[in-house]
Protein chains: 2
Amino acid sequence: MATLKLDDFLPYRLSIASNRVSAAIASAYQALFGLKISEWRLVAVIAEGPGMTQQALGLATRMDKVTVSRAAAALVERGLVARQPNPGDQRSHMLALTTTGRALYDDVAPKALELEARVFGGFSPKEIATFRAMLDRIEASAAPFDPEQG
Amino acid sequence: MATLKLDDFLPYRLSIASNRVSAAIASAYQALFGLKISEWRLVAVIAEGPGMTQQALGLATRMDKVTVSRAAAALVERGLVARQPNPGDQRSHMLALTTTGRALYDDVAPKALELEARVFGGFSPKEIATFRAMLDRIEASAAPFDPEQG
DNA sequence: GCTATATCGTTTCATCTGAAACCAGTTGGA
DNA sequence: TCCAACTGGTTTCAGATGAAACGATATAGC
């Protein structure tokens, strides 16, 4: 008879920790900037490399195309992102930050890093590197099970 | 102008890794046993220490009382869990596994450990301990922001 | 060219989640 | 012994999520 203590079960611990962090971040973004996490992710990726289609954004953020569609629509609606025609394909558009969007990004980014610093504040640079590498390995070994092929 | 590469942002990486693992586990439980993660968590905790109220289960699994209520109802409905009167308080019940429920648990637990082993297979015992300790710290430092208090 | 198939993005629908309202039962004071 | 405040649990409601169906455009094979 196998025994399993829930508190020792790593997938459970991982889920709890991740949910707590996400909840903290989500409520901060919402309160400070009226942004959802999915919207913030899009802004961050578009800021890095403007002129991406939603399909490319989905790959970059590992989010579902439905989520991307809704987040993009909200950002366009708020005037933070503009859609430009994609010369090569009329089904899609190139997304870029507007001036307002850029200003918001410049505002949010430092706060995001600050939040990260608070949550991972006790970690040394070496520990951060170790943790990041572990997440990579977990992500890779969990992916095969996962239907979504990000 | 702060720059933030999403792929380097730890809360993002944590969320992605956790979601992948959860999705893998959820679909396995669903396919093999018809259990949701919340239901499985309840079964695991009740197996460890029978005779808990839903309130205690919520604390042990860190799940919302609504989630616990629904998971418990589903398990009772399926005959895996039985409610016994709580002599000290008529608002609540003591939950325990039925014989069927115990049999299911004995069936699920090894599979759960197997899945965990597959996802964390590349980790040495020392790495597992390190990772667990890091999750503890993250959980602790994210909790203060989080409205839900255990 | 023309048609079948594939792709980008949106919409619809069914499910999951938790906040808030709610009901039943409990407790602490006057 | 009341009644007000509280607590355990359920129900209701609103938001988030993703699978599947859909419309519009692109592409490949004939």
Side-chain angles (χ1 to χ4, degrees), chain A residues 15-16 18-20 22-27 29-31 34-42 46 51-77 81 83-95 146-150, chain B residues 15-16 18-20 22-27 29-31 34-42 46 51-77 81 83-95 146-150:
Chain A
S15 164
I16 297 294
S18 169
N19 288 345
R20 291 238 169 131
S22 288
I25 302 248
S27 83
Y29 286 176
Q30 185 63 55
L35 283 178
K36 296 177 189 170
I37 285 189
S38 57
E39 293 165 8
W40 157 242
R41 287 182 183 169
L42 245 50
I46 298 175
M52 300 174 79
T53 64
Q54 292 186 191
Q55 131 93 344
L57 289 168
L59 285 181
T61 59
R62 295 168 173 83
M63 297 194 301
D64 189 85
K65 66 179 179 170
V66 177
T67 308
V68 172
S69 171
R70 288 196 265 243
L75 293 172
V76 169
E77 167 72 21
V81 161
R83 293 193 219 250
Q84 280 141 358
N86 177 352
D89 191 332
Q90 308 212 120
R91 291 168 301 181
S92 57
H93 296 267
M94 307 297 221
L95 303 193
D146 195 342
E148 99 175 282
Q149 287 305 352
Chain B
S15 164
I16 296 294
S18 169
N19 287 345
R20 292 238 167 129
S22 288
I25 302 248
S27 81
Y29 286 175
Q30 186 62 56
L35 284 178
K36 296 178 188 167
I37 285 190
S38 57
E39 293 165 7
W40 156 243
R41 286 181 183 169
L42 245 50
I46 298 175
M52 300 174 77
T53 65
Q54 293 186 190
Q55 132 93 342
L57 288 169
L59 286 181
T61 59
R62 296 168 171 84
M63 298 193 301
D64 190 85
K65 66 178 179 170
V66 178
T67 308
V68 172
S69 171
R70 288 196 265 242
L75 293 172
V76 168
E77 167 74 23
V81 161
R83 293 194 220 250
Q84 279 140 359
N86 178 352
D89 191 332
Q90 308 212 120
R91 291 168 303 181
S92 58
H93 297 267
M94 308 295 221
L95 303 192
D146 195 343
E148 103 177 277
Q149 287 304 350

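Naming: A, B, ... by sequence-line order, numbering from 1 per chain.
Over its full length, the helix from C:dG1-D:dC30 to C:dA30-D:dT1 turns its helical axis through 10°, comparing axes from the five pairs at each end and rounding to 10°.
Rounded to whole angstrom, the span from the CD atom of B:Gln55 across to the P atom of C:dG25 amounts to 18 Å. Spacing between atom CG of A:Asp89 and atom C1' of D:dG23 amounts to 14 Å, rounded to whole angstrom units. Whole-Å rounding puts the A:Met63 CE to D:dG18 P distance at 9 Å. Note: NE2 (A:His93) to P (D:dA26) measures 11 Å, nearest angstrom. Distance CZ (B:Arg62) to P (C:dT17): 17 Å, rounded to an integer number of Å. When the P atom of D:dT11 is taken as reference, atom CD of B:Gln54 falls 11 Å away, rounded to whole Å. One can place CG of B:Leu95 at 9 Å from P of D:dT10, the figure rounded to the nearest angstrom. Atom pair B:Leu57:CG and D:dG9:P shows a separation of 8 Å (rounding to whole Å applied).
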Listed pairs, N/O of protein and of nucleotides 13-16 of chain D, under 3.5 Å:
| residue | atom | partner | partner atom | Å |
| --- | --- | --- | --- | --- |
| D:dA16 | OP1 | A:Lys36 | NZ | 3.1 |
| D:dA16 | OP2 | A:Lys36 | NZ | 3.2 |

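Of all non-hydrogen atoms in B:Ser15 and A:Ser18, the two that sit nearest each other are CA-OG, 3.5 Å. The nearest pair of heavy atoms linking A:Leu42 to A:Ala71 is CD2-CB, 3.7 Å. Pairing each heavy atom of B:Gly58 with each of B:Val68, the nearest pair is CA-CG2, 3.8 Å. Considering all non-hydrogen atoms of both residues, A:Thr53 and A:Ser92 come closest at CG2-OG, 3.9 Å.
The shortest distance between side-chain heavy atoms of B:Gln54 and B:Arg83 falls below 4.5 Å.
An OP1 or OP2 oxygen of D:dG18 is reached within less than 4.0 angstrom by a side-chain nitrogen or oxygen of A:Thr67. Between A:Ser69 and the phosphate of C:dT10, there is a side-chain N or O to OP1/OP2 separation shorter than 4.0 Å. Remark: A:Arg83 is in phosphate contact with C:dT10, judged by side-chain N or O atoms under 4.0 Å from OP1 or OP2. An OP1 or OP2 oxygen of C:dC8 is reached within less than 4.0 angstrom by no side-chain nitrogen or oxygen of A:Gln90.
Heavy-atom nearest nucleotides on DNA chain D were determined for A:Lys65 and for B:Arg91, and the one closer to the 5' end corresponds to B:Arg91.
Across all strands shown, B:Ser38 has no heavy atoms under 4.0 Å from either base or sugar-phosphate atoms.
Relative to the side chain of A:Asp64, the nucleotides C:dG25, D:dG18, C:dC8 differ in distance, and D:dG18 lies closest. Comparing D:dT12, C:dG25, D:dA19 by their closest approach to the side chain of B:Val66 singles out D:dT12.
Of the N and O atoms on the side chains of B:Gln55 and B:Arg91, not one donor lies less than 3.5 Å from an acceptor on the other residue. In the model, A:Arg41 has no side-chain atom that pairs as donor or acceptor with a side-chain atom of A:Thr67 under 3.5 Å.
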* **Criterion side chain to side chain contact (heavy atoms under 4.5 Å, CB included) on B:His93 and B:Gln84, from CA distance to verdict** => CA-CA 6 Å; B:His93 297 267; B:Gln84 279 140 359; over 6 Å; no
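Residue B:Ile46 holds its CD1 atom at 12.5 Å from CE of B:Met94, rounded to the nearest 0.5 Å. To the nearest 0.5 angstrom, A:Met63 atom CE is 8.5 Å from B:Ile16 atom CD1.
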